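Only one structure is covered here, and it is reproduced in the block below.
Residue numbers run from 1 in the order of the sequence given. Whatever order the structure lists them in is the order used to number ligands and atoms, beginning at 1. Keep in mind it's a predicted model, so treat the numbers as computed, not measured.
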Amino acid sequence: MVRQTCITNSPEQTFELGRKLGEKLKGGEIILLHGDLGAGKTLFTKGLAQGLGVEDPSLVVSPSFTLVNIYKARLDIVHGDLYRLDADAVYELGLEDYMDQEHVLIIEWAEKAGDFFTGDVLDITIEHIGESSRAFTVESDRRYLDTDCI
Ligand SMILES: Nc1ncnc2c1ncn2[C@@H]1O[C@H](COP(=O)(O)OP(=O)(O)OP(=O)(O)O)[C@@H](O)[C@H]1O
Ligand SMILES: [Mg+2]
């Protein structure tokens with residue numbers, strides 16, 4: 001298991017960190033985002049989407065009524081936000097249908113799903129370390145981020 005921490009000091013840097021990581025994804029990755037309200041999960045997801053080839057990342061918003069949003073890109077992106085769901089509802093989403101090499105899953109509030117997600121998982125924990133600073137800690141099977149981060 002590799003663990004790497006990167007600090008961002010602005011929303012723009014968080015977007016850029018996401019974009020860089022998105023460029024490295026090959027398909028089949030499951031990105032689990034952990035962090036409080038306003039940590040930057042959705043903003044980071046916008047960056048990931050751009051790195052995966054989504055041209056207009058402003059279209060990337062947390063799914064609410066739809067439960068999951070799907071964006072077509074270099075790899076199809078399945079974006080879920082489990083905040084309002086309980087564990088049973090998570091199991092009913094059918095997310096396992098998307099756990100293959102053609103998709104990347106990005107899940108906000110993934111801890112709601114317990115240990116439902118298995119496979120090529122990147123656990124990313126975002127901590128507030130200042131008004132506009134965040135610490136991103138990525139735990140994964142292999143190294144994804146450069147040592148200089150952004
Ligand atoms: N370094 C930073 N990285 C990310 N966001 C930052 C940073 N500094 C300030 N912010 C602000 O924090 C907010 C992050 O919002 P975002 O919607 O991405 O959070 P979230 O984790 O998805 O929250 P929620 O749990 O409500 O979905 C934005 O308003 C952004 O401008
Ligand atoms: Mg969000």
- Query: Does the distance from a Lys or Arg side-chain N to an Asp or Glu carboxylate O, for Arg19 and Glu23, drop under 4.0 Å?
  - Reply: yes
- Going by the order shown, which atoms of ligand 1 are within less than 4.0 Å of some heavy atom of Thr14? 1 (N), 2 (C), 3 (N), 4 (C)
- Provide, to 0.1 Å, the distance between atom 19 (O) of ligand 1 and the closest protein heavy atom, together with that atom's residue and name. Gly40 N, 3.1 Å
- Message: Return the CG to CG distance between Leu33 and Leu82, rounded to the nearest 0.5 Å.
- Response: 10.5 Å
- When rounded to the nearest 0.5 angstrom, what distance separates OG in Ser140 from CD1 in Ile31? 9.5 Å
- Query: Would one find an N or O of Thr8, backbone or side chain, under 3.5 Å from an N or O of ligand 1?
  - Reply: yes
- Using a 4.0 Å heavy-atom cut-off, say whether Leu33 meets ligand 1 through its side chain, its backbone, both or neither. neither
- Item | Ligand-residue contact atoms, ligand 1 with Trp109, heavy atoms, under 4.0 Å | 25 (O)
- So which protein heavy atom does atom 25 (O) of ligand 1 come closest to, and at what separation? Lys41 NZ, 2.8 Å
- Query: What's the shortest distance from atom 17 (O) of ligand 1 to any protein heavy atom, and which residue and atom give it?
  - Reply: Thr42 CB, 3.8 Å
- Message: Students should be able to answer this: which protein heavy-atom is nearest to atom 8 (N) of ligand 1, and at what distance?
- Response: Ser132 CA, 3.2 Å
- Message: When you measure from the heavy atoms of Glu108 to every atom of ligand 1, does any distance fall below 4.0 Å?
- Response: yes
- Do ligand 1 and Ala39 have nitrogen or oxygen atoms that lie under 3.5 Å from each other? yes
- N/O of Gly35 under 3.5 Å from N/O of ligand 1, yes or no? no
- Query: How about atom 29 (O) of ligand 1: does it have a protein heavy atom within less than 4.0 Å?
  - Reply: no
- Would you verify whether the NZ or CZ of Arg142 falls within 45 degrees of the ring axis of Tyr144 while also being under 6.0 Å from that six-membered ring's centre? yes
- Find the distance between CG (Leu93) and OH (Tyr98) and round it off to the nearest 0.5 Å. 9.5 Å
- Task: Any atoms of ligand 1 less than 4.0 Å from a non-hydrogen atom of Leu43? List them with their elements.
- Result: 4 (C), 5 (N), 18 (O)
- Hey, mind stepping through His34 and Trp109 against side-chain contact (heavy atoms from CB on, under 4.5 Å) and telling me if it holds? CA-CA 6 Å; His34 312 280; Trp109 294 100; over 6 Å; no
- Message: Test of geometry: compute the angle OG1(Thr42)-the Mg ion (ligand 2)-OE1(Glu108) and round it to 10°.
- Response: 90°
- Message: Against ligand 1, does Ser10 come closer than 4.0 Å with any heavy atom?
- Response: yes
- Message: With the threshold set at under 4.0 angstrom, would you say Thr45 reaches ligand 1 through any of its heavy atoms?
- Response: no
- Okay, side chain of Arg84, backbone of Asp81: is any donor-acceptor separation there less than 3.5 Å? no
- Once you round to the nearest 0.5 Å, how far does CG of Asp36 lie from NE2 of His128? 7.0 Å
- Item | Flag, side chain of Lys41 to backbone of Gly35, donor-acceptor distance under 3.5 Å | yes
- Note on the structure: protein heavy-atom neighbour closest to atom 31 (O) of ligand 1 works out as Pro11 CG, 3.4 Å
- Query: Side chain or backbone of Leu37 under 4.0 Å from ligand 1, or both, or neither, by non-hydrogen atoms?
  - Reply: both
- Note on the structure: atom 13 (C) of ligand 1 has as its nearest protein heavy atom Gly38 O, 3.7 Å
- Any side-chain heavy-atom pair from Leu145 and Val138 closer than 4.5 angstrom? yes
- Task: Examine distances only and state if a side-chain atom of Gln4 and a backbone atom of Asp146 form a donor-acceptor pair shorter than 3.5 Å.
- Result: yes
- Task: Would you please indicate yes or no on a ring centroid separation below 6.0 angstrom for Phe116 and Tyr91?
- Result: yes
- Message: Can you report which non-hydrogen protein atom sits closest to atom 10 (N) of ligand 1, along with the distance?
- Response: Arg134 NH2, 3.3 Å
